Novice: 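Before we start, here is the structure in question, set down as structure tokens.
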Amino acid sequence: MKTQIALLFTLCLFVFSCGGAGNQTGNDSASDYSTPSPNLGDVAREITLELGSNDQMRYDKSLLRVKEGQQVTLVLTHTGEMSKSLMGHNFVLLKKGTDIDRFAAEAQLAVSTDYIPESDAIIAHTEMIGGGETTRVVFDAPAKGSYDYICTFPAHYGLMRGKFLVE
């Protein structure tokens, strides 16, 4: 009987002491954790964001996230088939506090500049594109906060808008 208890105790000790490394709960010694090297811990200086748009006046994302100061390459693709004159799309990133309705009203009058009004409210914008086209804009992410982005083709901003979150 003592042999069986000793064997059972040894077996239990073996099972509990050999728990998988994947099940660590954070109670291990500090030597089990590695400190990331400076290069691994840094945020990438550059980021590419892809934003789709379609013939139903929709962006495929309503939230874009970046880190403050990152160089952002925003790639806008129009996945629809309609021409720029009928269903053009762009991406316009606006400064905090911009009255979107007022800005969009100004944009509708800016026909000669593809609906981009002369305004200090614009952080960055792409050109206007039609179905099957792609454009891009490169800019530095502004200060931390939440910014609005819209399409300035007449009447599109009501559906084509989103938040650009800088962390």
Side-chain angles (χ1 to χ4, degrees), residues 22-26 33-167:
N23 294 330
Q24 293 178 353
T25 61
Y33 296 95
S34 62
T35 304
S37 70
N39 291 337
L40 295 176
D42 291 346
V43 173
R45 169 74 182 115
E46 299 175 3
I47 186 169
T48 299
L49 302 175
E50 296 184 6
L51 183 63
S53 60
N54 61 34
D55 285 343
Q56 288 73 44
M57 294 191 319
R58 299 279 185 189
Y59 288 128
D60 66 354
K61 296 175 189 75
S62 60
L63 178 64
L64 300 173
R65 291 178 190 260
V66 300
K67 299 293 184 187
E68 182 178 24
Q70 277 186 311
Q71 183 181 54
V72 178
T73 300
L74 183 120
V75 180
L76 176 66
T77 302
H78 190 318
T79 60
E81 297 177 1
M82 297 176 79
S83 70
K84 177 172 103 171
S85 62
L86 295 176
M87 189 59 66
H89 298 315
N90 63 6
F91 165 90
V92 179
L93 181 61
L94 300 171
K95 290 182 180 176
K96 288 183 195 177
T98 300
D99 181 331
I100 296 176
D101 293 328
R102 187 171 169 190
F103 180 85
E106 292 174 16
Q108 285 186 22
L109 302 175
V111 178
S112 65
T113 55
D114 275 344
Y115 307 107
I116 300 294
E118 180 109 10
S119 174
D120 63 354
I122 299 171
I123 296 171
H125 70 85
T126 64
E127 65 181 321
M128 189 70 63
I129 58 173
E133 296 179 326
T134 297
T135 187
R136 70 185 62 230
V137 62
V138 178
F139 60 97
D140 289 333
K144 291 180 180 180
S146 181
Y147 300 81
D148 292 302
Y149 66 88
I150 65 171
C151 174
T152 59
F153 193 87
H156 285 198
Y157 81 98
L159 295 174
M160 296 188 75
R161 60 192 326 166
K163 292 291 182 185
F164 189 88
L165 186 60
V166 182
E167 300 172 326

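Everything numeric in this text was worked out from a predicted model, so none of it was measured.
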Novice: Over all heavy atoms of both residues, which pair between K95 and I122 is shortest? Give the atoms and the distance, please.
Specialist: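 Smallest heavy-atom distance, with atoms named: CE-O, 4.5 Å.
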Novice: Quick check for you: to the nearest 0.5 Å, what is the distance between E167 atom CD and R65 atom CZ?
Specialist: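 If we round to the nearest 0.5 Å, E167:CD and R65:CZ are 5.0 Å apart.
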Novice: Before giving the answer on side-chain contact (heavy atoms from CB on, under 4.5 Å), spell out for T152 and I116 the whole-Å C-alpha distance, their side-chain angles and the decisive distance to 0.1 Å.
Specialist: CA-CA 7 Å; T152 59; I116 300 294; 3.8 Å; yes
Novice: Flag the pair Q70 / V166 as yes when at least one side-chain heavy-atom distance between them is below 4.5 Å, and no otherwise.
Specialist: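 Side chain of Q70 against side chain of V166, heavy atoms only: no contact under 4.5 Å found.
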Novice: Tell me whether T126 contacts the main-chain N or O of F91 through its side chain, where contact means a donor paired with an acceptor under 3.5 Å.
Specialist: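 Such a contact is found between T126 side chain and F91 backbone.
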Novice: Is any side-chain heavy atom of V75 closer than 4.5 Å to one of T134?
Specialist: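 Answer yes - side chains close enough.
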Novice: For residues 51-61, which side-chain donor-acceptor pairs fall under 3.5 Å, sequence neighbours excluded?
Specialist:
from: S53; atom 1: OG; to: T77; atom 2: O; distance (Å): 3.1
from: N54; atom 1: OD1; to: Q56; atom 2: N; distance (Å): 2.8
from: N54; atom 1: OD1; to: M57; atom 2: N; distance (Å): 3.3
from: N54; atom 1: OD1; to: R58; atom 2: N; distance (Å): 3.2
from: D55; atom 1: OD1; to: E81; atom 2: N; distance (Å): 3.4
from: D55; atom 1: OD1; to: M82; atom 2: N; distance (Å): 3.3
from: D55; atom 1: OD2; to: E81; atom 2: N; distance (Å): 2.7
from: D55; atom 1: OD2; to: M82; atom 2: N; distance (Å): 3.3
from: Y59; atom 1: OH; to: N90; atom 2: O; distance (Å): 2.5
from: Y59; atom 1: OH; to: I150; atom 2: O; distance (Å): 3.1
from: Y59; atom 1: OH; to: C151; atom 2: N; distance (Å): 3.1
from: D60; atom 1: OD1; to: G52; atom 2: N; distance (Å): 2.8
from: D60; atom 1: OD2; to: G52; atom 2: N; distance (Å): 3.4
from: K61; atom 1: NZ; to: E50; atom 2: O; distance (Å): 2.6

Novice: Give me the atom names and distance for the closest heavy-atom approach of S85 to F153.
Specialist: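 Scanning both residues, the minimum pair turns out to be O-CZ, 3.5 Å.
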Novice: Hey, are the side chains of H125 and V137 touching, using non-hydrogen atoms and a 4.5 Å cut-off?
Specialist: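 No, every pair of side-chain atoms sits at 4.5 Å or beyond.
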Novice: Are T98 and Y147 close enough that some pair of their side-chain heavy atoms sits under 4.5 Å apart?
Specialist: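 A side-chain contact under 4.5 Å is absent here.
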Novice: As an exercise, state the distance from NZ of K96 to CD1 of I123, rounded to the nearest 0.5 Å.
Specialist: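 If we round to the nearest 0.5 Å, K96:NZ and I123:CD1 are 9.0 Å apart.
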Novice: Could you give all pairs that pass the salt bridge (Lys or Arg N to Asp or Glu O under 4.0 Å) test and reach residues 117-144, with sequence neighbours left out?
Specialist: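 Matches after skipping sequence neighbours: R45-D140.
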Novice: So, do M87 and H78 sit near enough that their side-chain heavy atoms are less than 4.5 Å apart?
Specialist: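 Result yes, sub-4.5 Å side-chain heavy-atom pair found.
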Novice: Rounded to the nearest 0.5 Å, what's the gap from CG on L74 to CG on L93? Could you check?
Specialist: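 Reported to 0.5 Å precision, the distance equals 9.0 Å.
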Novice: Are the aromatic ring centres of F164 and Y149 under 6.0 angstrom apart?
Specialist: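 That pair fails the under 6.0 Å test.
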Novice: Could you tell me which residues satisfy salt bridge (charged side-chain N to carboxylate O under 4.0 Å, His left out) with K163, sequence neighbours excluded, listed by chain and number?
Specialist: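 K163: salt bridge (charged side-chain N to carboxylate O under 4.0 Å, His left out) contacts with D148.
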